[in-house]
Peer 1: 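Once you've had a glance at the structure underneath, I'll fire off some questions.
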Amino acid sequence: PPVHLGVWVPKDEGKVRLKAMPPPEELIAQHYVLRELLKSDHMPAVRWSSLHRPRLFVTGPSDILPEGNRARVVSYGYVVDDDIVHSRAAPERSGIFRHYWHCYQGFLSFLEEGLLALDGGRIWARRLDIRGFYDVLPRRALEEVRGRLAKSSPGIPEVLGVHLDREQGQTDAMAWLLDRAFGYRWAHPATGATEGPGLNSDSSRGIPQGPDLSSWLANIALFPMDRAAVAAGRGHCVYARYVDDIILLGDEPQAVGAV
């Protein structure tokens, strides 16, 4: 990938978070390929559509989704707006995603409904966070998702005639996107330097925080975890995720512990 522009974004307690954006031509190429892939309902994503009932739903291979073919939505960050993907609506500042306010309202509503559904009495709650999630995200987690997509029907959609055919040395569009996300370099926010310690990400882990591509990859990488967590807490623990922030609500401490 080309050199990204790095910026420091303030966090709580005087800390900062590195955000890195690729140059416009790279961003446009990523966005085009990602949007073409997401036109297929076979691609994993949490989606919103004005034409779908229910309007909020999740797609992807059944073996990585909670409850298989009857997949329920438990992840509420970076919800893909299908109206934008299919050109029924124009993108705004949130790109191909629903505005964060709508996403977070859905997250809170899901937690409220889950809380009311639990048996009355004492409720145990846990809030979890994946520390430095974008920086430590392993490529192998996304290669696993990609492998399941390639093996399931109808497979990974073609984009610009590129498809999966390893024997002939070709690759698929999702692999191309992974190559653009991992192993990136960035310009130091203060000096503009592009060479030196800490200015290159590992090709096997860590993606830039900022591009739409990274937001989508970060979300679907945790789909298998969502599936395992929902199965572990069935009936006694509500699991909900907003990107890498996780809330557990349970009427039994053992159920919360199991998740």
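Quick caveat, the model's predicted, so the values are computed rather than measured.
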Peer 1: List the atom of Val33, the atom of Ala173, and the distance in Å for their closest heavy-atom pair.
Peer 2: CG1-CB, 3.9 Å
Peer 1: Once rounded to the nearest 0.5 Å, what's the spacing between atom SG of Cys103 and atom NE2 of His99?
Peer 2: 9.0 Å
Peer 1: Identify the heavy atoms of Ile207 and Leu137 that sit nearest to each other, and give their distance.
Peer 2: CD1-CD2, 3.6 Å
Peer 1: Decide if the gap between the ring center of Tyr76 and the ring center of Tyr104 is smaller than 6.0 angstrom.
Peer 2: no
Peer 1: What's the separation between atom CD in Glu195 and atom NE2 in His188, rounded to the nearest 0.5 Å?
Peer 2: 13.5 Å
Peer 1: Indicate yes or no: at least one non-hydrogen side-chain atom of Arg180 is less than 4.5 angstrom from one of Glu26.
Peer 2: yes
Peer 1: How long is the gap from CD1 on Ile84 to CZ on Arg35, to the nearest 0.5 Å?
Peer 2: 8.5 Å
Peer 1: Are Asp83 and Ser50 close enough that a side-chain donor and a side-chain acceptor fall under 3.5 Å?
Peer 2: yes
Peer 1: Is it possible for you to say whether Trp176 and Leu27 belong to one hydrophobic cluster, with membership spreading through side-chain heavy-atom contacts below 4.5 Å?
Peer 2: no
Peer 1: Nearest 0.5 angstrom please: Leu149 CG to Met43 CE, how far?
Peer 2: 5.0 Å
Peer 1: Kindly work out whether a path of hydrophobic side-chain contacts (I/L/V/M/F/W/Y, heavy atoms less than 4.5 Å apart) joins Tyr32 to Leu38.
Peer 2: yes
Peer 1: Side-chain contact, heavy-atom cut-off 4.5 Å: His42 with Pro61?
Peer 2: yes
Peer 1: In Å and rounded to the nearest 0.5 Å, what is the OH to CZ distance from Tyr134 to Arg17?
Peer 2: 9.0 Å
Peer 1: Could you walk me through whether Ile96 and Trp216 pass the side-chain contact (heavy atoms from CB on, under 4.5 Å) test, one step at a time?
Peer 2: CA-CA 10 Å; Ile96 62 170; Trp216 176 67; 5.7 Å; no
Peer 1: Just checking Arg53: does its CZ atom have more than 12 heavy atoms from other residues, nucleotides or ligands closer to it than 6.0 angstrom?
Peer 2: yes
Peer 1: Report yes if some heavy atom in the side chain of Pro44 is under 4.5 Å from a heavy atom in the side chain of Val145; otherwise report no.
Peer 2: yes
Peer 1: Identify the two heavy atoms, one from Val243 and one from Leu222, that lie closest to each other, and give their separation to 0.1 Å.
Peer 2: O-CD1, 3.6 Å
Peer 1: Can you find a pair of side-chain heavy atoms, one from Gln254 and one from His236, that are under 4.5 Å apart?
Peer 2: no
Peer 1: Testing the basics here: between Ser75 and Val73, what is the closest heavy-atom pair and its distance to 0.1 Å?
Peer 2: O-CG1, 3.6 Å
Peer 1: Tell me whether Lys39 at atom NZ has more than 12 heavy atoms from other residues, nucleotides or ligands lying less than 6.0 Å away.
Peer 2: yes
Peer 1: Taking the side chain as C-beta and beyond, is there a heavy-atom pair between Ile130 and Asp245 under 4.5 Å?
Peer 2: no
Peer 1: Would you please say whether a donor-acceptor pair under 3.5 Å links the side chains of Arg227 and Ser62?
Peer 2: no
Peer 1: Determine, for Arg241 against Asp226, whether the closest basic-nitrogen to carboxylate-oxygen distance falls under 4.0 angstrom.
Peer 2: yes
Peer 1: Test Tyr78 against every option in Tyr242, Trp48, Phe97 by the ring-ring contact (aromatic ring centres under 6.0 Å, His included) rule and name the one that passes.
Peer 2: Phe97
Peer 1: Over all heavy atoms of both residues, which pair between Val259 and Cys237 is shortest? Give the atoms and the distance, please.
Peer 2: CG2-SG, 3.8 Å
Peer 1: Show the numbers, then the answer: is there a side-chain contact (heavy atoms from CB on, under 4.5 Å) between Phe110 and Gln105?
Peer 2: CA-CA 9 Å; Phe110 178 78; Gln105 286 298 309; over 6 Å; no
Peer 1: Angle between ring planes, His4 versus Tyr184, binned at 30° and 60°: parallel, tilted or perpendicular?
Peer 2: tilted
Peer 1: Taking 4.0 angstrom as the limit, do Arg88 and Asp81 come out as a salt bridge?
Peer 2: no
Peer 1: Does any N or O in the side chain of Ser214 come within less than 3.5 Å of the main-chain N or O of Gly210, such that one atom is a donor and the other an acceptor?
Peer 2: no
Peer 1: Does the side chain of Ile246 come within less than 4.5 Å of Arg126's, by heavy atoms?
Peer 2: no
Peer 1: Rounded to the nearest 0.5 Å, what's the gap from CZ on Phe182 to CZ on Arg139? Could you check?
Peer 2: 6.5 Å
Peer 1: Does Val3 share a hydrophobic cluster with Trp8, counting links as ILVMFWY side-chain heavy atoms below 4.5 Å and allowing steps through other members?
Peer 2: no
Peer 1: Heavy-atom count around Tyr100 OH within 6.0 Å, excluding the residue itself: above 12?
Peer 2: no
Peer 1: Going by side-chain hydrogen bond (donor to acceptor under 3.5 Å, both in side chains), name the residues that satisfy it together with Glu144, two or more places apart in sequence or in a different chain.
Peer 2: Arg148
Peer 1: Work out which heavy atom in Pro189 is nearest to a heavy atom in Leu18; give both atom names and the distance.
Peer 2: CG-CD1, 4.1 Å
Peer 1: Membership question, hydrophobic clusters at under 4.5 Å side-chain separation (ILVMFWY): are Leu249 and Leu128 in the same one?
Peer 2: yes
Peer 1: Treat each ILVMFWY residue as a node, draw an edge where side-chain heavy atoms are under 4.5 Å apart, and state whether Leu111 and Val58 are in one component.
Peer 2: yes
Peer 1: Between Glu143 and Arg140 (salt bridge meaning N to carboxylate O under 4.0 Å), is one present in this structure?
Peer 2: no
Peer 1: Taking the side chain as C-beta and beyond, is there a heavy-atom pair between Pro211 and Pro22 under 4.5 Å?
Peer 2: yes
Peer 1: A side-chain contact here means heavy atoms from C-beta on lying under 4.5 Å apart; do Asp251 and Arg122 qualify?
Peer 2: no
Peer 1: Checking side chain to side chain donor-acceptor pair (under 3.5 Å) for the pair Thr59/Arg47: CA distance, chi angles, key distance, verdict?
Peer 2: CA-CA 8 Å; Thr59 60; Arg47 302 172 185 259; 2.8 Å; yes
Peer 1: Just wondering, more than 12 heavy atoms not from Glu112 lying within 6.0 Å of its CD?
Peer 2: no
